[in-house]
Structures are given as C-alpha cells and as structure tokens.
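Taking it in order: structure first as structure tokens, then the write-up.
None of the values given here were measured: they were computed from a predicted structure. Computed over heavy atoms, backbone and side chain alike; hydrogens, waters and symmetry mates excluded.
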Amino acid sequence: MHIPDGFINATTSLGAGLISVGGLSFALRRAKEFMEERRAPLAGLLAAFIFALQMLNFPVAAGTSGHFMGGLLAAVLVGPWVAVLVMAVVLAMQALLFADGGLTALGLNISNLALLAPLAGWIAFISVRKVLPAGRRSVVFASGVAAALSVLAAAFGFVVEYALGGTGSAAVGTVAGA
C-alpha cells in the first residue's frame, strides 16, 4: 500500500510531507505525556514486528498489492500517539533500506499509514468498545472492526492524494474502486 516515488506530483507530496511533520510533532508531544518507561521496549518490539509483517505482500486488484499495516495493533497495545511514531519509524526504515515507497513519497505514506490508519482505527476501536460489554471477546471484535476501518481510512487518504496530484493514467474512480 506504499505510494512509490513519482506516483503523486511534487506539490501534493510536499503538502503531505508538511502534514506529516505537523502530525508527527503533535504525536511526539502527546506520546511524551502518556509514555511509561515500561512501554518503551514494547514500542520497539512492535516496530520490528510490524516491519517484518509489512514485508509480506498479497495481490489486491489488477496491478496492485497490499500488506499488513499494523497501525491499529500498535495503537491498541501502546496507545495512538506512540503508534503514530512506531509506524513512522517503520515507514522511514522501509523507504531507506528497501526503497519501499521511496523518499519523496515518505510524507504521503506517513500521512496515510502512520497518521490516518492508526488514528482512525483507534477512534473506531474506542467507539466499538463503548457499546460492547467488557471482556476479551469485545477487545478482539472491536480490534477486527477497527483494523478493517483503518485500512479503508488509509486507502481513502491515498484516493484523495491521487485525485489532488496523481500522475498515473487511471481515472480517480478506477483508483477508488481498486
């Protein structure tokens, strides 16, 4: 689900980069308030685990593939603001080590996969949990619903970015359908 370099024009990429920097700064301030020392190792383990899971790709539609995202998992385990930071580190490492997404598209990928997905998923998770009785089954069910919605949020972010500055020849409706 990473956006490659050159798939979105420079203006839109720059705008997403600025949004990402602002979102990461806010997340860093909020994470400092809520991060406990005992959760730091878990955040590191999550980053490594999500990094590995994201290496597994599967076909989605003609010419596209998807992979596990992990933002909601991180949000449930360490909170939404630390999850944003975990996902940003994972995306930066993938861009630097494997050119997965590329450097000029890093802001786009961070806005979709590190900001939109975990935060939308977290809101969905909390909302579903409020209407269910307390218990493990409720957590699992709410996590499943929220994970699905987090993927849709990231995909929607991409469709908006493509509509604003996509350089491909596919129509926005075709991209949205895929």
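Taking the six-membered ring where the residue is Trp, Phe158 and Phe7 present parallel rings, their angle staying beneath 30° rather than reaching 60°.
How far OG of Ser143 is from CG of Leu77: 8.5 Å, rounded to the nearest 0.5 Å. For the atom pair CG (Asn9) and OH (Tyr162), the distance works out to 11.0 Å, reported to the nearest 0.5 Å. Taken to the nearest 0.5 Å, the CD1 atom of Ile8 stands 9.5 Å off from the CG atom of Asn109. With values rounded to the nearest 0.5 angstrom, Leu14 atom CG is found 11.0 Å from Thr104 atom OG1. Atoms CG and CD1, from Leu149 and Ile123 in turn, are 11.0 Å apart once rounded to the nearest 0.5 Å. Rounding to the nearest 0.5 Å gives a distance of 11.5 Å between CG of Leu116 and CG of Leu152.
Residue Leu96 is found in a hydrophobic cluster whose other members, listed by chain and number, are Leu103; membership requires side-chain heavy atoms under 4.5 Å apart, directly or through intermediates.
Note on Phe98: it clusters hydrophobically with Met87, by side-chain heavy-atom contacts below 4.5 Å among ILVMFWY residues. Using a 4.5 Å cut-off between side-chain heavy atoms of Ile, Leu, Val, Met, Phe, Trp and Tyr, with links allowed through other members, Phe26 and Val84 fall into the same hydrophobic cluster. In this structure, Phe49 is a member of the same hydrophobic cluster as Leu42, with clusters built from ILVMFWY side-chain heavy atoms closer than 4.5 Å. By the rule that hydrophobic residues join a cluster once side-chain heavy atoms approach within less than 4.5 Å of another member, Phe125 and Val131 end up as members of separate clusters. Under the 4.5 Å side-chain heavy-atom criterion for grouping Ile, Leu, Val, Met, Phe, Trp and Tyr, Val78 is connected to Val90 within one hydrophobic cluster.
For the pair Trp81 and Leu119, the minimum side-chain heavy-atom distance is below 4.5 Å. Side-chain contact check for Ile50 versus Leu53: every heavy-atom pair is 4.5 Å or farther apart.
Scanning all heavy atoms of the two residues, the minimum distance from Leu85 to Ala31 falls at CD1-CB, 3.7 Å. Contact detail for Ser20 and Ser111: the closest heavy-atom pair is OG-N, 3.3 Å. Closest of all the heavy-atom pairs between Ala43 and Val82 is CB-CG1, 3.9 Å. Residues Met69 and Ser150 come closest through the heavy atom pair CE-O, 3.7 Å. Between Leu106 and Ala95, the shortest heavy-atom contact is CD1-CB, 4.2 Å. Shown here for Leu24 and Ala88, the closest heavy-atom pair between the two residues is CD2-CB, 3.5 Å.
Other residues, nucleotides and ligands contribute only 12 or fewer heavy atoms inside 6.0 Å of the CZ atom of Phe68.
Residue pairs satisfying the salt bridge (charged side-chain N to carboxylate O under 4.0 Å, His left out) criterion with at least one member in residues 160-174, sequence neighbours excluded, are absent. Screening residues 99-121 for ring-ring contact (aromatic ring centres under 6.0 Å, His included) gives no qualifying pairs among residues at least two apart or on separate chains.
Here the side chain of Ser138 pairs no donor or acceptor atom with the backbone of Arg129 at under 3.5 angstrom.
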